[in-house]
Structures are given as C-alpha cells and as structure tokens.
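Working notes for the structure below.
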Amino acid sequence: MHSFHISAKTDQATLANLPSIRFRPSVHLLSGDLVGAYVDLRCKFEDRPSFHLHETSSRISDWVADTLKSVCKLATEDNMVERPIVLPLPAASFGNTDIVTTCSNVMANSRLCPQEFCFELTDSALVEDPKHITAFFRSFRQRGFRIGVDARKSWQANIAPSTWLMVDTLRVTLPTDHVDVDLVNQIEAARAAGVAVVAEKVLWRDGERLADLGIEYALDPRTDA
C-alpha cells in the first residue's frame, strides 16, 4: 500500500502554495483489495493565511489547480495504480463553477484523465437547496470527474435521492458508543444509489457486520493487536 508525501517550498506572497500531500489507500473490508486512494492534505485551503477579508473565486481555483497538479505529478512519478484518487475540495469552492474549468485545463496537460479523480466536499458545505447541489455536482460529472461527500463530522446534507446517483463515495466515521440513526439513514440513501461507503476507524474483523450496514470499504482498518 502506498504512503507518499511531498512538501512544497513556501511562497508567502501567494495563496496557491502546494500543501504537504499524502496518499491513504482505501480497501475492501472483505477481500482486502485496494480500491482507491484518499489524498490527505496536511495544510488545507482554510488553514492557509488569509490576505483579504474575502477569498476571491480565482484564488480558490488557483489553489485547487496547483494542488491537483501536484497530485497528478506525484501519482505519475510513483506509478500509483489505486483509483479513484479522492481529492478534498475547500468548502468555499461549493458553487464555484470556475474550479471545474480550471481542473479540466489541468487534466488536459496531464497523463491522467478526469475519470481517475473524485473531488470530495464536506457534508457541512452542502446546505444549499437540493437543486443547487445537483447543478454543482453535474458540472463536475459533465467534465468526467467523480464526486464524493465527506460526512465524518456531520451528515445533514440536503441531498436529493436523484442527486445521490451522481455521487461515487461517502466517507464516514462510525460512533464508538452508539449507532446514530441519522448516519444510518444517510448510509442507506447512499447505498441505494450505488455509492461506495468508506469508513474510518474500523476493525478488519468487523467487515461482515459493517457490510450488513452497507459499509464495504475502509481507510486504514485496524487489527485487534
């Protein structure tokens, strides 16, 4: 399993600095097969210094484009085969259609193709009208990119059942002390649409039990030892 990282030189004059990057493989809990890779950004867009009261659309697009270029370069140099590569989008990028065009331009100059990438948005960012969410997701799908939802911190996104059909992955963290009904409902809605549910902080031995809940994939599953 791959675990790479790079650290870019810091240029304090621009927000489009490249963050430290690490790939985390996702696996099928029953077969153990590698089924994708999540990009772990040690420094996210929201963590970077803000030079203006309001970040402009172009600054967000530039940051995403530079990060995507770095991921493409690293994946190509290391012959990484896990797909899709799941790359988190800043929450502020939701509704910014410039990002889709910018990312398409990056892919046009890469050896990789859009279908190999899944852009992931946090559940908490998806609080808009369902029609707005659908339109934003569709803009990525029309360019060949995949879409993922990160529901590790919340699972209250107002996603219509038909919109789930455009989502490829749902990332969750299971509560350790109880089963959250809202989370279970979100997982069921996702699974009904054929979405791959990927869990964190789970044990290998719980694979069959989790599969009954609709969770077949995991990041860094642990052993009992």
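If you chain together hydrophobic residues whose side chains sit under 4.5 Å apart, Val86 and Leu126 never meet in one group. Cluster annotation: Val167 is not connected to Leu219 through the hydrophobic network of ILVMFWY side chains, with a link wherever side-chain heavy atoms come within less than 4.5 Å. Under a hydrophobic-cluster definition in which Ile, Leu, Val, Met, Phe, Trp and Tyr are linked whenever side-chain heavy atoms come within less than 4.5 Å, directly or via other members, Val195 and Val198 are assigned to different clusters. Residues Val27 and Tyr38 are members of separate hydrophobic clusters, defined by side-chain heavy-atom contacts under 4.5 angstrom among Ile, Leu, Val, Met, Phe, Trp and Tyr. Hydrophobic clustering (ILVMFWY, side-chain heavy atoms < 4.5 Å, transitive): Val172 and Trp164 are in one cluster.
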Which is it for Ser110 and Lys69 under the side-chain contact (heavy atoms from CB on, under 4.5 Å) test, yes or no, and what are the steps along the way?
CA-CA 8 Å; Ser110 169; Lys69 289 176 185 176; over 6 Å; no
Show your working on side-chain contact (heavy atoms from CB on, under 4.5 Å) between Ile187 and Leu213 and close with a plain yes or no.
CA-CA 8 Å; Ile187 291 173; Leu213 293 175; 5.6 Å; no
As a quick check of understanding, evaluate side-chain contact (heavy atoms from CB on, under 4.5 Å) for Val35 and Glu216, giving each step before the final call.
CA-CA 11 Å; Val35 294; Glu216 298 183 21; over 6 Å; no
Begin with the C-alpha distance, continue with both residues' side-chain angles, and end with the deciding distance and a verdict on side-chain contact (heavy atoms from CB on, under 4.5 Å) for Ile85 and Phe23.
CA-CA 9 Å; Ile85 299 173; Phe23 291 116; 4.0 Å; yes
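Taking both residues in full, the closest heavy atoms of Ile147 and Met166 are given as CB-O, 3.9 Å, listed atom of the first, atom of the second, then distance. Heavy-atom minimum distance, His132 versus Gly95: NE2-CA, 3.9 Å. Heavy atoms only, all atoms of each residue included: Met80 and Ala37 are closest at CE-CB, 4.0 Å. The two residues Gly148 and Cys118 make their nearest non-hydrogen contact at N-SG, 3.4 Å. For Ala190 against Leu170, the heavy-atom pair with the smallest separation is CB-CD2, 3.8 Å.
Judged as a side-chain hydrogen bond (donor to acceptor under 3.5 Å, both in side chains), and not counting sequence neighbours, the contacts of Asp123 are Ser154, Gln186. Among residues two or more places apart in sequence or in another chain, the side-chain contact (heavy atoms from CB on, under 4.5 Å) test is passed with Leu165 by Ala193. In this structure Glu188 satisfies the salt bridge (Lys or Arg N to Asp or Glu O under 4.0 Å) test with no other residue, sequence neighbours excluded. With sequence neighbours left out, the side-chain contact (heavy atoms from CB on, under 4.5 Å) criterion links Val202 to Leu29, Leu174, Ala199, Leu210, Ala218, Pro221. Not counting sequence neighbours, the partners of Ser139 by the side-chain contact (heavy atoms from CB on, under 4.5 Å) test are Val100, Phe136. Applying the salt bridge (Lys or Arg N to Asp or Glu O under 4.0 Å) rule to Glu77 yields the partners Lys73; only residues at least two apart in sequence or on another chain are considered. Scanning for side-chain contact (heavy atoms from CB on, under 4.5 Å) contacts around Thr97 gives an empty result, with sequence neighbours left out.
Counting only residues at least two apart or on different chains, the salt bridge (charged side-chain N to carboxylate O under 4.0 Å, His left out) pairs with a member in residues 95-119 are Arg83-Glu116. Legend: ring-ring contact (aromatic ring centres under 6.0 Å, His included) pairs involving residues 196-223, not counting sequence neighbours, sorted by first then second residue: His28-Tyr217. Sequence neighbours left out, not one pair with a member in residues 64-92 passes ring-ring contact (aromatic ring centres under 6.0 Å, His included). For residues 133-144, the salt bridge (charged side-chain N to carboxylate O under 4.0 Å, His left out) pairs, not counting sequence neighbours, are Arg141-Asp168. Residue pairs that meet the ring-ring contact (aromatic ring centres under 6.0 Å, His included) test with at least one member in residues 95-122, sequence neighbours left out, are Phe119-Phe140, Phe119-Phe145.
Interatomic distance, CZ of Phe94 versus CD1 of Ile133, reported as 5.0 Å (0.5 Å rounding). From Ser93, atom OG reaches atom CG of Leu121 across 5.0 Å, with rounding to the nearest 0.5 Å. In this structure, the separation between CD1 on Ile21 and CG on Leu41 is 6.0 Å, given to the nearest 0.5 Å. Put simply, OG1 on Thr122 and NZ on Lys153 are 8.5 Å apart, with the number rounded to the nearest 0.5 Å. The structure places CG of Asp129 at 7.0 Å from CG of Asn158, a figure rounded to the nearest 0.5 Å. A distance of 11.0 Å separates CG in Leu68 from CG in Asn105, rounded to the nearest 0.5 Å.
Between the side chain of Arg191 and the backbone N or O of Ile215, no donor-acceptor pair lies under 3.5 Å. Checked by atom type and distance alone, the side chain of Arg146 pairs as donor or acceptor with a backbone atom of Gln115 at under 3.5 Å.
Put simply, the side chain of Val64 reaches to within 4.5 Å of the side chain of Cys103, judged on heavy atoms. Here the side chains of Glu82 and Ser26 are not in contact, with every heavy-atom distance at 4.5 Å or above.
Under the 4.0 Å criterion applied to side-chain N and carboxylate O atoms, Arg152 and Asp150 are assigned as salt-bridge partners.
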